[in-house]
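Following: one structure in structure tokens, then a few remarks.
Position 1 is the first residue of the sequence, and the numbers go up from there.
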Amino acid sequence: QVQLVESGGGLVQVGGSLRLSCAVSGGTFANYAVGWFRQDSGKEREFVGAVARRNDVQWYEDSVKGRFTISRDDAKNTVYLQMNSLKPDDTAVYYCAAGRTGPWYIPRSGYEYSFWGQGTQVTVSS
């Protein structure tokens with residue numbers, strides 16, 4: 001069973017940065033694309049972005065493009081979400097998820113991901 005554990009969330013001021021980590025265990029990490037989602041209270045879950053099995057293939061929602069960067073370290077079975085220039089609208093619980101895919105494919109819907117982490121809270125204060 002594949003397990004994902006997020007870490008790195010916290011409280012940050014507007015314009016600040018955070019780096020979230022997603023540690024993956026229990027499967028062959030290289031077989032999975034990993035995505036990040038977020039959900040604020042009272043809102044629907046939102047896809048943030050993802051990295052394919054290949055580290056050089058990524059996709060980002062327009063709301064975070066140019067500010068967030070996703071990368072994977074296959075030696076550490078870990079995916080990172082570097083968040084810069086944070087805004088109050090970025091406040092949410094952030095989840096990582098893993099989906100078994102081809103090497104170039106980026107899943108963008110939650111149903112394409114089979115395994116999910118428990119989430120980590122990110123709060124951006126103004």
Side-chain angles (χ1 to χ4, degrees):
Q1 183 75 359
V2 176
Q3 294 183 325
L4 296 87
V5 178
E6 302 95 337
S7 60
L11 175 65
V12 64
Q13 291 187 333
V14 169
S17 298
L18 279 176
R19 189 177 79 158
L20 305 184
S21 299
C22 174
V24 183
S25 62
T28 303
F29 181 68
N31 288 343
Y32 292 89
V34 177
W36 287 93
F37 294 76
R38 64 186 182 187
Q39 187 169 23
D40 198 7
S41 57
K43 298 182 180 178
E44 293 188 356
R45 185 176 64 193
E46 176 188 16
F47 177 60
V48 174
V51 59
R53 289 170 53 187
R54 292 176 57 96
N55 191 38
D56 58 348
V57 179
Q58 302 148 18
W59 193 91
Y60 302 93
E61 281 286 321
D62 286 345
S63 58
V64 305
K65 196 174 295 182
R67 300 188 298 121
F68 290 11
T69 303
I70 300 171
S71 61
R72 62 188 294 155
D73 185 338
D74 283 11
K76 296 182 178 180
N77 286 8
T78 300
V79 171
Y80 303 99
L81 175 62
Q82 177 67 45
M83 305 185 294
N84 299 327
S85 302
L86 283 161
K87 306 174 181 180
D89 284 350
D90 295 320
T91 294
V93 177
Y94 283 72
Y95 300 89
C96 63
R100 188 163 179 146
T101 68
W104 301 91
Y105 185 68
I106 296 277
R108 301 181 191 177
S109 298
Y111 75 89
E112 296 183 278
Y113 291 89
S114 301
F115 305 101
W116 292 78
Q118 82 290 346
T120 186
Q121 177 70 47
V122 172
T123 303
V124 184
S125 67
S126 55

Would you mind reporting whether [Y] and [X] have side-chain heavy atoms less than 4.5 Å apart?
X      : Y      : result
Gln121 : Val93  : yes
Cys22  : Thr78  : no
Val79  : Ile70  : yes
Asp73  : Tyr80  : yes
Glu46  : Ser63  : yes
Val2   : Ser25  : no
Tyr94  : Leu81  : yes
Val5   : Gln118 : yes

Report the distance from atom [atom1] of [X] to atom [atom2] of [Y], rounding to the nearest 0.5 Å.
X      : Y     : atom1 : atom2 : result
Asn55  : Ser71 : CG    : OG    : 6.0 Å
Ile106 : Trp59 : CD1   : CH2   : 9.5 Å
Arg19  : Thr69 : CZ    : OG1   : 11.5 Å
Arg67  : Gln82 : CZ    : CD    : 12.0 Å
Ser21  : Leu4  : OG    : CG    : 12.5 Å

Exercise: identify the closest heavy-atom pair between [X] and [Y]:
X      : Y     : result
Leu18  : Val12 : CD1-CG1, 4.1 Å
Arg108 : Phe47 : O-CG, 3.6 Å
Pro103 : Ala52 : O-CB, 3.6 Å
Gly35  : Ala50 : CA-CB, 3.6 Å
Met83  : Leu20 : CE-CG, 3.8 Å

Test Val122 against Asp90 for side-chain contact (heavy atoms from CB on, under 4.5 Å), laying out the working first. CA-CA 8 Å; Val122 172; Asp90 295 320; 5.5 Å; no
side-chain hydrogen bond (donor to acceptor under 3.5 Å, both in side chains) partners of Tyr95, counting only residues at least two apart: none
Under-4.0 Å salt bridge between Arg38 and Asp40: no
Pair Lys87 + Asp89: basic N to acidic O under 4.0 Å: no
Would you please say whether a donor-acceptor pair under 3.5 Å links the side chains of Glu112 and Tyr105?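 Distance-only check passes for Glu112 and Tyr105.
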Worked check of side-chain contact (heavy atoms from CB on, under 4.5 Å) between Asn31 and Arg53: CA-CA 6 Å; Asn31 288 343; Arg53 289 170 53 187; 3.9 Å; yes
Donor-acceptor check, side chain of Thr120 to backbone of Gly9, threshold 3.5 angstrom: yes or no?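 Answer holds: yes.
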Check: Gln1 side chain, Gly26 main-chain N or O, donor-acceptor pair, under 3.5 Å: no
For residues Phe37 and Tyr113, establish whether the separation of their ring centroids is below 6.0 Å. yes
Phe68 ring center near Trp36 ring center (under 6.0 Å): no
Tell me, yes or no, whether the heavy-atom count around Lys65 atom NZ, taken from other residues, nucleotides or ligands under 6.0 Å, exceeds 12.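 Correct, the count exceeds 12.
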Let's go through Val14 and Ser125 carefully: what are the C-alpha distance in whole Å and the side-chain angles of both, what is the deciding distance for side-chain contact (heavy atoms from CB on, under 4.5 Å) to 0.1 Å, and is it a yes or a no? CA-CA 6 Å; Val14 169; Ser125 67; over 6 Å; no
Phe115/Val24 under side-chain contact (heavy atoms from CB on, under 4.5 Å): CA gap, chis, key distance, verdict: CA-CA 10 Å; Phe115 305 101; Val24 183; over 6 Å; no
